Amino acid sequence: MSAGSSSLMWFRKGLRIHDNPALEHASKGSNFLYPVFVIDPHYMKPDPTAPSPGSFKAGLNRIRFLLQSLVDLDSNLKKLGSRLLVLKGDPSEVIIRCLKEWDVKRLCFEYDTEPYYQALDAKVKGFASTAGIEVFSPVSHTLFNPAEIIQKNGGRPPLSYQSFLKLAGEPSWISSPLSMTISSLPPFGNVMNCEISEVPTVEELGYEEAQQDEISPFRGGESEALKRLRQSIENKEWVANFEKPKGDPSAFLKPATTVLSPYLKFGCLSSRYFYTCLQDVHKNVKRHTLPPVSLAGQLLWRDFFYTVAFGTPKFDQMRGNKICKQIPWNDDDDELLAAWREGRTGYPWIDAIMIQLRKWGWMHHLARHCVACFLTRGDLFVHWEKGRDVFERLLIDSDWAINNGNWLWLSCSSFFYQYNRIYSPISFGKKYDPNGDYIRYFLPVLKDMPKEYIYEPWTAPLSIQNTAKCIIGRDYPKPVVYHDSASKECKRKMAEAYALNKKLTGLVSEDDLINLRRKLEEDQKPEVKNKRQRKLMG
DNA sequence: CGAAGGTTGACTCG
DNA sequence: CGAGTCAACCTTCG
């Protein structure tokens, strides 16, 4: 590269210094390095019509987490003699303008498999190739390169975890040490006419600061991620014996998992570094758990979903998605959806989880299972895409591939098909937390309800409700559906839908679904139908 | 074609 | 608290 040459490091995910091949490449042999982050209005512009504070795409907690991550990245770049240059606007337009304005010879950014970035990156790469700019876009967000795994499998993504593991084998980089530090970075040059700012605050983006109890306790950034990682792997026994399904979803003061997911989502933590740390622990203990339940197994699940998502057109919708069962979800479900989203279904276990989601932007994996099952195939029969949208906005760790993959899973639309296994909104939580402490914390209106009734407060005698200062139907809602009858109905609908999918070998049209919906409605026993209507009216 | 296996269901029984 | 039962799905593999 010639003297006086400039490189541009475009940060999107991968908000870290450690194990960042794009940043490393950008810093080598360049006289000037411009580290850039673009504030994308598509993700960041306030949306006053959204059901909770935030943008159309992201709740305020995740926006705050991202900004904290950027502040930390800026400070880590400053220690290396550089800084983060923040720009605003449509990312492809902004980046192309910067490339021209700064006479950049080399553009570096982490490869991204999401459709949004695929389209965005195609535009930028297109410009770069006509302008003769070198582009370096390494795969470093995941353990494996999804494209390679799909290629190994004859062009189709593996559809089971076990077949994924077989194809994946050992990561290619495992034998060579990861680059964990950078000693210094070239300075950035003249920014010319490009408008550069510091990392904005939420107020500067046009948001009002939330109430204290609505702010996620998890703070963004690489420094926080590495601290949290160290704390998590300190206890070698805990790491070695980790079994995901045995975790307690009601533990909230000290969560049963690492809560490293939001840091992996934004790339504040390298999944590859996390993986090598886990390998080190495993080497030093007598025995340890294995995938799928081990901690390393969780990282492999992440790669599994990235791979399937990358190789499946229309992965994030039912229609036109080849691996998704076509199911006649309710289409008149706005009330039920709103009750679920706002934590007023009348089932305290479900509602407490939804309040934790809104306030913290995070809840335990099994808690996510409970509410996702309840919304879709378990009780309300609402379309998984609607639940997916709520999670996508509110989770601080919401990740396109993993979120969609898990909604496909939980709704029995793909990957998992045992629709008879339904989580009980009453007994599932009770077996972990018989006293209901989790419910009392997130639903203070129920804090004085005796533990005999806290999972089913509508069964409490009026005198008990009075003493607990919580009248059901006034202070806390009656259940929106009866779980026993609703879940039976759901099973019946799932069986019919599965039969139709089998008969038509997956080629179910919109009309087929309309017909099935009509048939299901007609077949519904009159007394069940009446009960449901009374429920909706009352 | 049949058998086996699938990250994490609920319930009852001993 | 572990095993068996319930009712039974799918995909994968031989």
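All values below were derived from every heavy atom in this structure, side-chain atoms included, with hydrogens, water molecules and symmetry-related copies excluded. Not measured: the values here are computed from a predicted model. First the proteins, then the strands, lettered A, B, ... as listed; each starts at 1.
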Original post:
So A/Tyr441 and A/Trp360, would you call those rings parallel, tilted or perpendicular, with 30° and 60° as cut-offs?
Top reply: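 Rings of A/Tyr441 and A/Trp360: perpendicular, as their planes differ by over 60°.
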Original post:
Taking the inter-plane angle between the rings of A/His383 and A/Trp329 on a 0 to 90° scale, is it parallel (under 30°), tilted (30 to 60°) or perpendicular (over 60°)?
Top reply: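 Because their plane-to-plane angle lies in the 30° to 60° range, the rings of A/His383 and A/Trp329 count as tilted.
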Original post:
Using atom C1' of each nucleotide, how far apart are B/dA4 and C/dA8 to the nearest Å?
Top reply: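 My reading of the C1' atoms in B/dA4 and C/dA8 gives 15 Å.
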Original post:
Looking only at atom P, what distance separates B/dG2 and C/dA7, rounded to whole Å?
Top reply: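 After rounding to an integer number of Å, I get 23 Å for this pair.
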Counting any heavy atom closer than 4.0 Å, what does [X] reach on the DNA or RNA strands: base, sugar-phosphate only, or nothing?
X        : answer
A/Lys491 : nothing
A/Lys430 : nothing
A/Glu243 : nothing
A/Phe415 : nothing

Ignoring the backbone of [X], work out which of [options] is nearest its side chain.
X        : options               : answer
A/Tyr417 : C/dC10, B/dT8, C/dC13 : C/dC10
A/Phe428 : B/dA10, C/dC9, B/dT7  : B/dA10
A/Phe416 : C/dC10, B/dT8, B/dT7  : B/dT8
A/Lys325 : C/dC9, B/dT8, C/dC10  : C/dC10
A/Gln418 : B/dG6, B/dT7, B/dA10  : B/dG6
A/Pro245 : C/dT12, B/dG9, B/dT7  : B/dT7
A/His369 : B/dT8, B/dG9, C/dC9   : B/dT8

Return the value, rounded to whole Å, for the distance between atom [atom1] of [X] and atom [atom2] of [N].
X        : N      : atom1 : atom2 : answer
A/Ile422 : C/dC9  : CD1   : P     : 15 Å
A/Met494 : C/dA8  : CE    : C1'   : 13 Å
A/Lys488 : B/dG9  : NZ    : P     : 19 Å
A/Leu165 : C/dT12 : CG    : C1'   : 15 Å
A/Leu300 : B/dT7  : CG    : P     : 13 Å
A/Arg492 : C/dA7  : CZ    : C1'   : 17 Å
A/Glu496 : C/dA8  : CD    : P     : 13 Å
A/Asn420 : B/dG6  : CG    : P     : 19 Å

Subject >> Option from A/Phe65, A/Phe218, A/Trp362, A/Phe274 for which ring-ring contact (aromatic ring centres under 6.0 Å, His included) with A/Tyr263 holds >> reply: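 Passing option: A/Phe65.
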Original post:
Hey, is A/Glu237 close enough to A/Lys286 for a salt bridge, meaning N to O under 4.0 Å?
Top reply: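 Salt bridge: no.
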Original post:
When you check the gap from the basic side-chain N to the acidic O, do A/Arg517 and A/Asp331 get nearer than 4.0 Å?
Top reply: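 A/Asp331 and A/Arg517: salt-bridged.
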Subject >> A/Tyr498 ring over C/dC9 six-membered base ring, under 5.5 Å and 30° >> reply: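 Not stacked by the 5.5 Å and 30° rule.
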Any side-chain N or O of [X] under 4.0 Å from OP1/OP2 of [N]?
X        : N      : result
A/Ser427 : B/dC11 : yes
A/Gln162 : B/dT7  : yes
A/Lys431 : B/dC11 : no

Original post:
Between the side chain of A/Asn153 and the main-chain N/O of A/Arg156, is any donor-acceptor distance below 3.5 Å?
Top reply: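 Indeed, once roles are kept as given, a pair shorter than 3.5 Å links the two residues.
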Original post:
Paired with C/dC9: which nucleotide, if any, by Watson-Crick or G-U wobble criteria at under 3.5 Å for both distances?
Top reply: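 Pair assignment: C/dC9 / B/dG6.
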